[in-house]
Peer 1: 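Pasting a structure here, questions to come.
Because only heavy atoms are used, hydrogens play no part in the values below, and waters and symmetry mates are left out as well, while side chains stay in. Chain identifiers are assigned alphabetically (A, B, ...) following the order of the sequence lines, protein sequences preceding nucleic acid strands; residue numbering begins at 1 within each chain.
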Amino acid sequence: MNEQQIRNFNHDLLDWFHSNGRHLPWRETDNPYYIWVSEVMLQQTQVNTVIPYYMRFIRKFPTPAALADAPEQDVLKCWEGLGYYSRARHLQQGVREVVEKYDGQLPDSKETLLSISGIGPYTASALLSMAYDEPEPAIDGNLMRVLSRVFLIDDDIAKQKTRRKFEDLASSLITETDPGAFNQALMDIGAMICKPKHADCPNCPLRRHCLASEEGVQLEYPVKSGNAKPRPLHYAVLLIRDDDGRYLIEKRPDKGLLAGFWQFPMILLDEYEKAGQRHDYISERYGCEMAPVHTTFTYTHRFSHLIWHLTLLDGRTHQKPISEKQRLVAVADFDAYPFPVPHQKVIEWIKNNRQNHT
DNA sequence: GACTCGTGGAA
DNA sequence: TTTCCAAGAGT
């Protein structure tokens with residue numbers, strides 16, 4: 001595009017945005033910390049899902065200091081159900097860095113932002129443009145989809161190399177005039193008009209600039225390589241109760257899937273079968289004397305990259321937990337612990353089927 | 001570079 | 001019902 005075309009592109013884009021852009025909670029503030037929280041929550045997560053989490057989060061942790069000082073369990077509990085929980089731990093770690101090294105003020109240089117835990121290329125640019133009015137293009141999925149159609153770019157957007165190509169392109173388009181609105185406008189167009197499987201070209205402010213629309217090939221863009229199929233894992237979920245009706249729960253490791261969450265003990269059925277002596281296996285692993293187990297309920301939960309098939313087994317214990325990562329907790333006290341969604345379903349089942357917890 | 005990391009909504 | 005995929009970052 002020449003300079004005049006770029007001016008027209010920006011005018012059409014920003015003009016549309018100012019009358020049609022979405023009104024969102026994090027757009028009503030200029031507090032960099034609030035914008036930061038919203039950008040992290042919005043990673044791979046849709047706006048409507050984020051809104052209630054965002055409102056709760058900034059109410060509970062209204063300042064960087066409040067978040068820095070909070071127990072990790074409280075942060076995870078506030079994030080419970082939103083997914084990608086390492087985002088929450090990295091956000092808290094990043095905020096702690098900001099409190100300690102930058103006096104609680106979010107830095108305004110790209111290099112420094114990128115050094116902060118949980119802030120990558122997208123979030124750094126989003127913060128610079130939206131909180132500090134810097135002309136940095138924030139390359140996300142929306143922006144790549146819209147621009148791939150406008151400019152007929154057929155590189156695979158699943159490749160990291162392609163992101164840099166869009167960064168170069170968007171850098172040539174963005175101007176000093178409200179760069180935050182430039183990024184948000186492209187995101188809004190991507191979310192409202194130029195959707196993955198439907199493009200409402202007649203109502204698109206970029207229509208006169210769009211090569212894909214001109215050729216009617218908008219739905220063939222962007223090009224994206226496919227995902228692998230989720231891998232199935234079969235688990236036994238152990239409902240181990242003591243004489244007071246409390247259930248044994250354990251804390252997951254602090255790395256990997258659902259890190260730091262609490263759950264009912266789970267055993268891979270493969271290992272369980274292989275162990276042969278089922279009761280001894282459970283006794284050794286959980287320090288609990290088990291009554292004979294029997295299947296009570298099965299449940300399937302699909303993650304993006306794997307599938308849990310859960311079979312509930314019933315047991316009793318007269319012992320106390322043998323590890324700090326295990327606790328006996330009354331049903332009424334489950335609220336204090338962050339549980340993964342599939343185990344929240346287990347809790348629901350318990351509440352519906354166990355009126356008497358003795 | 002290729003994997004891992006969640007969940008819910010839309011078609 | 002199945003499939004895709006959404007304001008990505010860390011390893």
Peer 1: May I ask you to list the residues of residues 108-121 of chain A, by number, that have any heavy atom positioned under 4.0 Å from an atom of DNA chain C?
Peer 2: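 A:Ser117, A:Gly118, A:Ile119, A:Gly120, A:Pro121, in order of number.
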
Peer 1: Just checking A:Val40: base, sugar-phosphate only, or nothing, at a heavy-atom cut-off of under 4.0 Å?
Peer 2: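 Answer is nothing: A:Val40 stays at 4.0 Å or more from every strand.
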
Peer 1: Determine the Euclidean distance between corresponding C1' atoms of C:dG8 and B:dG1; express it in Å to zero decimal places.
Peer 2: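 The answer is 16 Å between these two C1' atoms.
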
Peer 1: Quick one: side chain to side chain donor-acceptor pair (under 3.5 Å) pairs with a partner in residues 332-342 of chain A, sequence neighbours left out?
Peer 2: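 Every pair satisfying side chain to side chain donor-acceptor pair (under 3.5 Å) with a residue in residues 332-342 of chain A: A:Arg327-A:Tyr337.
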
Peer 1: Rounded to whole Å, how long is the line connecting atom CD1 of A:Ile193 with atom P of C:dA6?
Peer 2: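 After rounding, the gap between these two atoms is 16 Å.
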
Peer 1: When the distance from CD of A:Glu39 to P of C:dA6 is rounded to whole Å, what number comes out?
Peer 2: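 It is 16 Å, rounded to the nearest whole Å.
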
Peer 1: In whole Å, I'd like the distance from the CZ atom of A:Arg22 to the P atom of C:dA6.
Peer 2: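 It is 13 Å, rounded to the nearest whole Å.
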
Peer 1: Over how many whole Å does the gap from A:Arg145 atom CZ to C:dC5 atom P extend?
Peer 2: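 Roughly 9 Å, once rounded to whole Å.
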
Peer 1: Suppose clustering is done on Ile, Leu, Val, Met, Phe, Trp and Tyr with side-chain heavy atoms closer than 4.5 Å. Which residues sit in the same group as A:Val341?
Peer 2: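 Besides A:Val341, the cluster holds no residue at all.
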
Peer 1: Taking any heavy-atom pair under 4.0 Å as a contact, classify A:Ser38: base, sugar-phosphate, or nothing.
Peer 2: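 Touches nothing.
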
Peer 1: Tell me the interatomic distance from A:Leu143, atom CG, to C:dG8, atom C1', rounded to whole angstroms.
Peer 2: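 From A:Leu143 CG to C:dG8 C1': 14 Å.
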
Peer 1: Between atom CZ in A:Phe166 and atom C1' in C:dG8, what is the gap in whole Å?
Peer 2: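 The answer, rounded to whole Å, is 16 Å.
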
Peer 1: Kindly determine whether A:Asn8 and A:His209 satisfy side chain to side chain donor-acceptor pair (under 3.5 Å), including the steps that lead there.
Peer 2: CA-CA 9 Å; A:Asn8 290 339; A:His209 308 281; over 6 Å; no

Peer 1: Sequence neighbours excluded, which residues qualify as side chain to side chain donor-acceptor pair (under 3.5 Å) partners of A:Arg22?
Peer 2: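 Partners of A:Arg22 under the side chain to side chain donor-acceptor pair (under 3.5 Å) test: A:Asp188.
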
Peer 1: I need the residues from residues 94-101 of chain A with at least one non-hydrogen atom less than 4.0 Å from DNA chain B; give them sorted by number, or say none.
Peer 2: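 Residues of residues 94-101 of chain A under 4.0 Å from DNA chain B: none.
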
Peer 1: Could you say whether A:Arg27 or A:Gln160 is positioned toward the 5' end of DNA chain C, judged by the nucleotide with the nearest heavy atom to each?
Peer 2: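 Upstream on the strand: A:Arg27.
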
Peer 1: B:dG1 P sits how many Å from A:Asp155 CG, rounded?
Peer 2: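 To the nearest whole Å, that distance equals 14 Å.
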
Peer 1: Name each donor-acceptor pair under 3.5 Å that joins a side chain in residues 101-112 of chain A to protein atoms two or more places apart or in another chain, with its distance.
Peer 2:
residue	atom	partner	partner atom	Å
A:Ser109	OG	A:Thr112	N	3.1
A:Ser109	OG	A:Thr112	OG1	2.6
A:Lys110	NZ	A:Glu136	OE1	3.0

Peer 1: Could you tell me whether A:Leu186 contacts a base, only the sugar-phosphate backbone, or nothing, with contacts defined as non-hydrogen atoms closer than 4.0 Å?
Peer 2: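 Result for A:Leu186 = nothing.
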
Peer 1: For the C1' atoms, the ones on B:dG8 and on C:dT1, what distance do you get once it is rounded to whole angstrom?
Peer 2: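 My reading of the C1' atoms in B:dG8 and C:dT1 gives 16 Å.
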
Peer 1: Just to verify, what does A:His90 make a side-chain contact (heavy atoms from CB on, under 4.5 Å) with, not counting sequence neighbours?
Peer 2: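 Per chain and number, A:His90 pairs via side-chain contact (heavy atoms from CB on, under 4.5 Å) with A:Ser86, A:Gln93, A:Ser117.
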
Peer 1: Please determine if A:Asp314 and A:Arg241 form a salt bridge, counting it only when a charged side-chain N lies under 4.0 Å from a carboxylate O.
Peer 2: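 Yes, A:Asp314 and A:Arg241 are salt-bridged.
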
Peer 1: Side chain of A:Tyr122: nearest nucleotide among C:dA6, C:dG8, B:dA2?
Peer 2: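 Selected nucleotide (nearest to the side chain): C:dG8.
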
Peer 1: Got a sec, which residues hit side-chain contact (heavy atoms from CB on, under 4.5 Å) with A:Met55, two or more places apart in sequence or on another chain?
Peer 2: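 A:Met55 satisfies side-chain contact (heavy atoms from CB on, under 4.5 Å) with A:Pro25, A:Ile51 once adjacent residues are dropped.
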
Peer 1: Between C:dT11 atom C1' and A:Gln93 atom CD, what is the distance in whole Å?
Peer 2: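 These atoms are roughly 14 Å apart.
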
Peer 1: If you find the nucleotide of DNA chain C closest to A:Leu42 and the one closest to A:Lys229, which residue's nucleotide is nearer the 5' end?
Peer 2: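 It is A:Lys229 whose nearest nucleotide is closer to the 5' end.
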
Peer 1: With sequence neighbours left out, what residues match A:Pro135 under side-chain contact (heavy atoms from CB on, under 4.5 Å)?
Peer 2: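 Scan of A:Pro135 (side-chain contact (heavy atoms from CB on, under 4.5 Å), adjacent residues dropped) gives A:Ile174, A:Glu176, A:Pro179.
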
Peer 1: Output one letter per nucleotide in nucleotides 3-11 of chain B: B when a protein non-hydrogen atom lies under 4.0 Å from the base, S when only the sugar-phosphate is that close, - when neither is.
Peer 2: -SBBBBB--

Peer 1: CG/A:Leu42 to CD1/A:Ile35 distance, rounded to the nearest 0.5 angstrom?
Peer 2: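 It is 11.5 Å, given to the nearest 0.5 Å.
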
Peer 1: Going from CG on A:Asn10 to CG on A:Asp178, what distance comes out if it is rounded to the nearest 0.5 angstrom?
Peer 2: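 Atom-to-atom, A:Asn10:CG and A:Asp178:CG are 10.0 Å apart.
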
Peer 1: How is A:His198 classified with respect to the nucleic acid when contacts are heavy atoms under 4.0 Å: base, sugar-phosphate, or nothing?
Peer 2: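 The answer is nothing, as A:His198 stays clear of every strand by at least 4.0 Å.
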
Peer 1: Taking side chain to side chain donor-acceptor pair (under 3.5 Å) as the cut-off, I'd like each qualifying pair that reaches into residues 45-67 of chain A, sequence neighbours left out, listed once.
Peer 2: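 Passing the test, one end in residues 45-67 of chain A: A:Thr45-A:Arg87.
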
Peer 1: Checking A:Glu214 now: which residues fulfil side-chain contact (heavy atoms from CB on, under 4.5 Å) with it, not counting sequence neighbours?
Peer 2: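 Once residues adjacent in sequence are excluded, the partners of A:Glu214 under the side-chain contact (heavy atoms from CB on, under 4.5 Å) criterion are A:Leu211.
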
Peer 1: Identify whether any heavy atom of A:Trp26 sits under 4.0 Å from a base atom; if not, whether one sits that close to sugar-phosphate; answer base, sugar-phosphate or nothing.
Peer 2: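 Here A:Trp26 touches the bases of the nucleic acid.
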
